Amino acid sequence: MGLIRTMVACTLSVAAAAAIAEPFDPSVARHEDEGWRPFFGLGFTSGGDTLMKVDLVPEGTNTRYREDISSGGGIDLRLGVSRRLGELPLTLQLAAAYHNDQANGIRGEKVRFRRMPVEATLLWHASDRTRIGFGVRKATHPTFKLDKIRFPDGAGGETLVSGKADLKAKVAFIVEAEYALTPSWGLKGRYVFESFRLRNQPDGEQFEANHLGVMSVWYY
């Protein structure tokens, strides 16, 4: 979590400094293209409530290590399109993502929290290289799933447990900054305000899933 906070803070600091001090350079003014530009993104997020602490024990050893599955953490893979809005210093981005936090054991254990968000973000061109954006996000099909997790049975043995729980997400809000490293490659730092509930318990416990993230984005 500390590393992610540091990386996001660095990205936002670079964006702010560039917006104030950066001279115009047409060779890197990558946001001037007309039409829709597809992009691919790969990132990592951290934050939210801990959904489960998983103890994994490698086969043939007594070493135990712990993995936390959280409502805001994981790998973020995405595809989207980006379009400059005419002569305005604004760009609209639409994206669909695969967001997954997962832990695997060598004995077949697996715990994961998977969701497939769709997003719409409006970015303001603060400089030739820097954009600052605000947007909305809806995480579709959020699912928490266990496969072959071992729990003590109270008699000195273990019981294998598998199962899943379907959740429902509220509409989330996004704040982000992006800095162009090359005409086709950018680095994003973002914060997402998000929460989930169990789908069959609309008035039940709410899982806070606010998270920080860093992302590399390639435009085509």
Side-chain angles (χ1 to χ4, degrees), residues 1-12 14-15 36-52 54 67-83 91-104 110-123 130-145 164-182 184-197 207-220:
M1 184 67 172
L3 176 60
I4 296 297
R5 288 184 184 275
T6 301
M7 294 174 72
V8 172
C10 289
T11 302
L12 295 175
V14 168
W36 293 100
R37 296 186 68 189
F39 67 84
F40 166 75
L42 171 63
F44 180 79
T45 68
S46 180
D49 291 337
T50 297
L51 299 176
M52 186 174 183
V54 186
E67 295 278 355
D68 291 349
I69 304 300
S70 70
S71 58
I75 299 296
D76 185 307
L77 298 172
R78 60 185 50 226
L79 293 172
V81 290
S82 180
R83 184 182 179 91
T91 291
L92 175 66
Q93 286 192 347
L94 305 175
Y98 178 81
H99 196 182
N100 187 53
D101 195 13
Q102 182 169 316
N104 297 327
K110 182 185 295 183
V111 184
R112 58 192 180 275
F113 178 49
R114 182 199 67 197
R115 53 277 197 211
M116 290 177 278
V118 291
E119 298 181 358
T121 309
L122 187 65
L123 299 114
T130 308
R131 302 191 292 190
I132 299 172
F134 302 89
V136 292
R137 159 185 166 117
K138 177 70 172 179
T140 67
H141 307 293
T143 302
F144 179 70
K145 190 172 183 181
K164 72 172 186 175
D166 294 323
L167 290 85
K168 184 176 181 180
K170 290 186 176 180
V171 174
F173 298 94
I174 304 163
V175 180
E176 70 176 31
E178 180 178 350
Y179 185 76
L181 300 171
T182 74
S184 298
W185 176 30
L187 178 66
K188 287 181 182 282
R190 56 171 20 205
Y191 192 86
V192 178
F193 301 86
E194 192 168 43
S195 65
F196 296 90
R197 291 184 188 275
F207 300 97
E208 180 269 310
N210 298 345
H211 58 268
L212 287 160
V214 290
M215 185 177 302
S216 187
V217 183
W218 294 269
Y219 294 88
Y220 300 94

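What you are looking at is a predicted structure, and each value in this text was computed from that prediction instead of being measured.
With contacts defined as side-chain heavy-atom distances shorter than 4.5 Å, the pair Phe39/Gln93 qualifies. By the 4.5 Å heavy-atom criterion applied to side chains, Phe40 and Tyr219 are not counted as neighbours. Looking at heavy atoms from C-beta onward, Thr121 lies out of side-chain contact with Phe134 at the 4.5 angstrom threshold. Two residues are said to be in side-chain contact when any heavy atoms from C-beta on lie closer than 4.5 Å; Arg78 and Val118 fail this criterion. Proximity of Val175 to Val192: side-chain heavy atoms (C-beta onward) are nowhere separated by under 4.5 Å. Two residues are said to be in side-chain contact when any heavy atoms from C-beta on lie closer than 4.5 Å; Phe207 and Leu51 meet this criterion.
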Evaluation steps, side chain to side chain donor-acceptor pair (under 3.5 Å), between Ser46 and His211 = CA-CA 5 Å; Ser46 180; His211 58 268; over 6 Å; no
key: Intermediate values then yes/no, side chain to side chain donor-acceptor pair (under 3.5 Å), Ser184 and Trp218   = CA-CA 6 Å; Ser184 298; Trp218 294 269; over 6 Å; no
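A salt bridge links Arg137 with Glu194: the closest approach of a Lys/Arg side-chain nitrogen to an acidic carboxylate oxygen falls below 4.0 angstrom. Salt bridge annotation for Glu176-Arg131: absent, with no cationic side-chain nitrogen under 4.0 angstrom from a carboxylate oxygen.
Taking OG from Ser82 and CD from Glu178, the interatomic distance works out to 7.5 Å, rounded to the nearest 0.5 Å. Considering CD of Gln102 and NZ of Lys110, their distance stands at 5.0 Å, rounded to 0.5 Å. Once rounded to the nearest 0.5 Å, the distance linking NZ of Lys170 with CZ of Arg197 reads 5.0 Å. In this structure, Asn100 CG and Asp76 CG are separated by 10.5 Å, a value rounded to the nearest 0.5 Å. The structure places CZ of Phe173 at 10.0 Å from CZ of Phe193, a figure rounded to the nearest 0.5 Å. For the atom pair CG (Asp166) and NZ (Lys145), the distance works out to 10.5 Å, reported to the nearest 0.5 Å.
Listed for the Ser71 side chain is a donor-acceptor partner under 3.5 Å among the backbone atoms of Glu208. Without hydrogens or angle criteria, Ser70 side chain to Gly47 main chain gives a donor-acceptor distance under 3.5 Å.
Pairing each heavy atom of Tyr98 with each of Pro117, the nearest pair is N-CD, 4.4 Å. When every heavy atom of Leu92 is checked against every heavy atom of Trp36, the shortest pair comes out as CD2-CH2, 4.4 Å. Between Ile69 and Val54, the shortest heavy-atom distance links the atoms CG1-CG2, 4.2 Å. Across all their heavy atoms, Ala120 and Leu94 have their closest contact at CB-CD2, 3.7 Å. Contact between Ile174 and Arg190 at its shortest, heavy atoms only, is CG2-NH2, 3.7 Å. The two residues Pro142 and Ala139 make their nearest non-hydrogen contact at CD-O, 3.7 Å.
Other residues, nucleotides and ligands contribute at most 12 non-hydrogen atoms within 6.0 Å of the NZ atom of Lys168.
Under the 6.0 Å cut-off for aromatic ring centres, Phe196 and Phe144 do not qualify, their centroids lying 6.0 Å or more apart.
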